[in-house]
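What follows is a single structure, written as structure tokens, with notes after it.
The analysis underlying the following values was restricted to heavy atoms, covering all of them including side chains, and did not include hydrogens, waters or symmetry mates. Counting from 1, the numbers follow the sequence of the chain as shown.
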Amino acid sequence: MSDSRTRSEYIVAATALVVSLSTLGVYIYQAKVMREQQHISVWPCMEWNITNAGEFHISAQNKGVGPAIVRKVELSLDGRPLKNNRELVTAVLGPDWTLGFFNSSLEGRVLIPGEMIMPFRIPDPSEAKAFDEKLRGHTLGLRITYCSVYGDCWVTDGDSTKRLPKVDLGFD
């Protein structure tokens, strides 16, 4: 009789252990799913465009659902890196250019969802048209590296977006 009772106790204990381990597994999986949902709920999505209707401007917009932390902006013309928008104007128009344009920095900014910035803008229609016509003989490149508040990062070149390794932003 005591063997039967001991066996019953082992069965109850083993069942309790299986239930406990199963519950732990479910909780670990649920925590992973919740973390992924948290990251997706602040996913930024940067896009940039060139507009030449009336005025000429380059704009960047966060079309995601969370803030975009712009880490790096790389501008190039015909594959040659440029330091800033002034170098772009010089490369397109030559060293003796006269052009009225607005210049703004995108790097280091935090764009909220839906926010758009124009880091380069030529408001005068005749200057905009002349600049656009000269630019058409070149290939303009713009790469924007941006991150979410959780350190998930991407780089976009206007045609495609690539996920990068996670970085520590010190917010977690």
Side-chain angles (χ1 to χ4, degrees), residues 33-172:
V33 168
M34 288 175 66
R35 182 175 169 85
E36 288 173 5
Q37 286 176 333
Q38 216 176 8
H39 284 238
I40 289 170
S41 71
V42 295
W43 174 66
C45 182
M46 290 293 299
E47 291 184 5
W48 65 271
N49 294 305
I50 295 176
T51 302
N52 58 1
E55 70 175 27
F56 179 94
H57 69 255
I58 299 172
S59 63
Q61 183 175 12
N62 178 5
K63 292 195 169 185
V65 294
I69 303 165
V70 181
R71 307 274 295 173
K72 188 175 183 182
V73 177
E74 299 167 276
L75 183 65
S76 66
L77 191 68
D78 300 327
R80 185 176 66 91
L82 302 171
K83 292 180 189 168
N84 53 41
N85 293 331
R86 290 191 178 281
E87 277 194 12
L88 170 64
V89 174
T90 301
V92 173
L93 300 179
D96 300 323
W97 58 269
T98 56
L99 178 69
F101 69 94
F102 293 99
N103 189 33
S104 171
S105 177
L106 182 59
E107 197 166 299
R109 306 269 311 249
V110 178
L111 278 70
I112 62 172
E115 184 177 6
M116 182 177 71
I117 292 180
M118 286 186 237
F120 182 74
R121 183 173 158 241
I122 305 169
D124 181 80
S126 60
E127 287 183 335
K129 183 178 180 186
F131 182 80
D132 184 51
E133 286 174 1
K134 289 208 174 204
L135 182 63
R136 288 178 192 220
H138 301 279
T139 302
L140 179 66
L142 181 63
R143 287 173 43 100
I144 302 172
T145 302
Y146 61 99
C147 300
S148 75
V149 294
Y150 289 116
D152 298 311
C153 297
W154 299 265
V155 63
T156 183
D157 62 7
D159 292 326
S160 64
T161 300
K162 177 184 171 189
R163 185 150 191 178
L164 300 174
K166 187 175 172 86
V167 298
D168 182 12
L169 298 175
F171 297 137
D172 283 331

* Asked: Run the side-chain contact (heavy atoms from CB on, under 4.5 Å) check on Asp124 and Phe101 step by step: do they pass?
  -> CA-CA 8 Å; Asp124 181 80; Phe101 69 94; over 6 Å; no
* Taking it one step at a time, do Ser148 and Trp43 satisfy side chain to side chain donor-acceptor pair (under 3.5 Å)? -> CA-CA 6 Å; Ser148 75; Trp43 174 66; over 6 Å; no
* To do: Just do the side-chain contact (heavy atoms from CB on, under 4.5 Å) check on Ile58 and Leu140 with the steps written out, would you?
  => CA-CA 11 Å; Ile58 299 172; Leu140 179 66; 3.9 Å; yes
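For the pair Thr156/Leu142, no side-chain contact is recorded, criterion being any heavy-atom separation below 4.5 Å from C-beta on. Taking 4.5 Å as the limit, every side-chain heavy atom of Trp97 sits out of range of all side-chain heavy atoms of Val92.
In terms of modelled atom types and a separation under 3.5 Å, the side chain of Asp157 and the main chain of Ser160 share a donor-acceptor contact. Without hydrogens or angle criteria, Asn85 side chain to Leu88 main chain gives no donor-acceptor distance under 3.5 Å. The main-chain N or O of Gly114 is never found under 3.5 Å from a side-chain atom of Asn62 such that the two would form a donor-acceptor pair. Judged by distance alone, the side chain of Glu127 and the main-chain N or O of Gly100 form a donor-acceptor pair under 3.5 Å.
For Arg71 against Cys147, the heavy-atom pair with the smallest separation is CG-SG, 3.5 Å. Contact between Leu111 and Glu115 at its shortest, heavy atoms only, is CA-OE1, 3.2 Å. Residue Ser59 comes nearest to Pro119 through the heavy atom pair CA-CD, 4.2 Å, listed as atom of the first residue, atom of the second, then distance. When all heavy atoms of Pro165 and Cys153 are compared, the closest pair comes out as O-CB, 4.3 Å. Nearest heavy atom pair, residue Pro113 against residue Gly64, reads CB-O, 3.4 Å. Nearest heavy-atom pair, Arg163 versus Trp154, reported as atom, atom and distance to 0.1 Å: CA-CD1, 3.6 Å.
The NE2 atom of His57 sits 12.5 Å away from the CD1 atom of Ile117 when rounded to the nearest 0.5 Å. To the nearest 0.5 angstrom, Glu87 atom CD is 11.5 Å from Ser76 atom OG.
By the 6.0 Å contact criterion, CZ on Arg143 is open, its count of non-hydrogen atoms from other residues, nucleotides or ligands being 12 or less.
Between Phe131 and Phe56, the ring planes are perpendicular. Angles over 60° get that label, and only those under 30° would be called parallel.
When each of Thr161, Ile69, Asp152, Leu164 is checked for a side-chain contact (heavy atoms from CB on, under 4.5 Å) with Tyr146, only Thr161 meets the rule.
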